[in-house]
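Heads up: the structure comes next, in structure tokens.
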Amino acid sequence: MNIYITQQNLNTLIGDLIAQGIRVVAPRLNAGTPLYEPLTGAAEMITDRLPKRSAKEACFPVCEDIMTYKKEGQKVTVTDIDPARFPETVLVGVRPCDAVAIPLLDAVFSWDDKDEFFLERRRKTTVIGLACTSADDACFCTAVGLSPGETKGSDLFLTPLEGGDYACETLSDKGEALITAHTTLFSEVSSALPLPLAKPYAEKFDLKKVKAWLDDNFENPFWDAIATRCVGCGACAFVCPACHCFDIVDEGTEKAGKRRKYWDACGFWKFTHHASGHNPRDQQPKRYRNRIMHKFKYYDDKFGQTLCSGCGRCIRVCPVGIDIAQIVEEISKKQE
Ligand code: SF4
Ligand code: SF4
């Protein structure tokens with residue numbers, strides 16, 4: 001059963017959560033750029049634009065300390081950063097293409113050696129998704145089997161109604177708990193109709209065909225043809241809700257310093273640069289091939305899903321106009 005929340009009550013909910021010391025992260029403008037960032041008040045939230053970067057930063061920051069060290073005389077002290085200190089977080093207004101990518105990261109960060117930094121943040125995060133009512137030319141969630149009303153990855157899911165209120169669907173215990181704690185802000189009746197959802201790029205890719213072609217074409221002149229112009233800037237990976245590569249770097253001096261975790265990108269020349277000097281991905285097409293292989297073959301081999309939600313961000317930011325949707329479409333046609 002759907003319940004409903006008015007825009008005013010959603011603002012009250014955000015204000016109450018902030019007053020309780022909970023970190024509320026939502027789309028807001030930072031010097032004119034829409035980004036998912038912590039709010040200081042409900043009035044900062046915007047709902048009419050897809051943030052330029054994804055929501056993954058709430059659980060997987062661009063950079064974080066994982067330990068510090070200090071040397072005094074012969075004594076070395078190493079202090080781990082305790083993930084228990086991470087704040088309770090409510091992510092509000094998360095677009096379906098971002099929310100759906102969070103479980104894709106769960107699978108990676110809980111596989112084998114568990115990443116407690118990601119997982120502790122994740123345990124403490126409640127996701128309130130928001131259906132999309134507008135799309136641009138780069139959006140293609142429907143082509144990878146999703147939709148502007150996709151609820152996967154959300155604990156609560158809001159659908160905008162005519163007049164500015166929302167229908168609210170409960171999808172998990174976390175969502176249920178949030179509603180129970182703020183039950184007076186929700187109602188069981190509304191006569192308003194849902195706004196029409198966005199209509200992104202319509203044609204669905206045959207992802208099985210794409211994978212079948214990738215299975216057989218690790219070596220193919222196609223990679224050179226599409227990727228020689230890639231400049232290896234890494235922007236596509238950094239804005240992507242599903243990319244999750246990182247590096248561990250020690251920073252400091254002999255006396256004191258930090259071990260830090262930073263986002264990394266397979267488009268970077270140094271990503272696979274061995275200490276010996278050898279680099280198995282020594283040309284940009286090999287690096288771009290890895291990006292496509294990882295998203296449409298390797299992740300599927302391991303976890304049975306595609307590592308792309310069709311958000312279109314990598315298309316919007318690529319400085320040389322590389323369009324992953326066109327590339328995947330081209331690959332699917334090759335398999336016919
Ligand atoms: S690969 Fe591109 S379109 Fe797909 S989820 Fe990442 S940024 Fe979005
Ligand atoms: S954003 Fe474009 S140029 Fe930069 S690494 Fe990605 S594909 Fe290459």
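Computed from a predicted structure; not experimentally measured. One-based numbering, in listed order, for ligands and for the atoms of each.
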Closest approach of any protein heavy atom to [atom], naming residue and atom:
atom	answer
atom 6 (Fe) of ligand 1	C240 SG, 2.3 Å
atom 2 (Fe) of ligand 1	C314 SG, 2.3 Å
atom 4 (Fe) of ligand 1	C308 SG, 2.3 Å
atom 8 (Fe) of ligand 1	C311 SG, 2.3 Å
atom 3 (S) of ligand 1	G312 N, 3.2 Å

Using a distance-only test with no angle check, is there a side-chain donor-acceptor pair under 3.5 angstrom linking D16 and Q20?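 On atom types as modelled, these side chains do not qualify, holding no pair under 3.5 Å.
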Ligand 1 versus [X]: contacting region, heavy-atom distance under 4.0 Å:
X	result
S309	both
R291	side chain
I324	side chain

Give a yes or no answer on whether the side chain of N290 reaches the backbone of M293 with a donor-acceptor pair at less than 3.5 Å.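 Between the backbone of M293 and the side chain of N290 there is no qualifying donor-acceptor contact (under 3.5 Å).
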Of all the atoms in C233, is at least one N, O or S atom closer to atom 4 (Fe) of ligand 2 than 2.8 Å?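 An N, O or S atom of C233 is closer than 2.8 Å to atom 4 (Fe) of ligand 2, so yes.
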Sort out for me which residue in F109, Y298, W111 forms a ring-ring contact (aromatic ring centres under 6.0 Å, His included) with F303.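 Result: among F109, Y298, W111, W111 is the only option passing the ring-ring contact (aromatic ring centres under 6.0 Å, His included) with F303.
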Judged by non-hydrogen atoms, does V317 sit under 4.0 Å from ligand 2?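 The answer is no: ligand 2 sits nowhere under 4.0 Å from a heavy atom of V317.
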Please verify whether a non-hydrogen atom of C230 lies at under 4.0 Å from ligand 2.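 A heavy atom of C230 does come that close to ligand 2.
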Which ligand 2 atoms, with their elements, are less than 4.0 angstrom from a heavy-atom of [X]?
X	answer
C318	1 (S), 2 (Fe), 3 (S), 7 (S)
G232	5 (S), 8 (Fe)
V320	3 (S)
Y288	7 (S)
V231	3 (S), 8 (Fe)

I need the minimum non-hydrogen distance between K261 and F60, along with the two atoms involved.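 So the minimum-distance heavy-atom pair works out to CE-CE1, 4.0 Å.
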Give the minimum heavy-atom separation between I315 and I324, together with the two atoms involved.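 Here I315 and I324 meet closest at CG1-N, 3.9 Å.
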Going by the angle between their ring planes, with limits at 30° and 60°, are [X] and [Y] parallel, tilted or perpendicular?
X	Y	value
H278	H274	perpendicular
H294	Y299	tilted
W223	W213	tilted

Does some non-hydrogen atom of P241 fall short of 4.0 Å from ligand 1?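 True for this residue.
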Using a strict 4.0 Å cut-off to heavy atoms of F140, name the atoms of ligand 1 that fall inside it.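 Matching atoms, with element in brackets: 3 (S).
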Examine all N, O or S atoms of C97, backbone included, and report whether one is under 2.8 Å from atom 4 (Fe) of ligand 1.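 Here the distance criterion (N, O or S atom, under 2.8 Å) is not met by C97, so no.
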What distance separates L171 CG from C168 SG, expressed to the nearest 0.5 Å?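 Result: 8.5 Å between the selected atoms.
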Taking the six-membered ring of F218 as reference, does the cationic atom of R289 (NZ for Lys, CZ for Arg) lie under 6.0 Å from its centre and within 45° of its axis?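 Yes, a cation-pi geometry holds between R289 and F218.
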Close side-chain approach of P148 and C141, heavy atoms under 4.5 Å: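 Yes, close enough: below the 4.5 Å cut-off.
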Note: R123-E116 ion pair, threshold 4.0 Å (strictly below):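 E116 and R123: salt-bridged.
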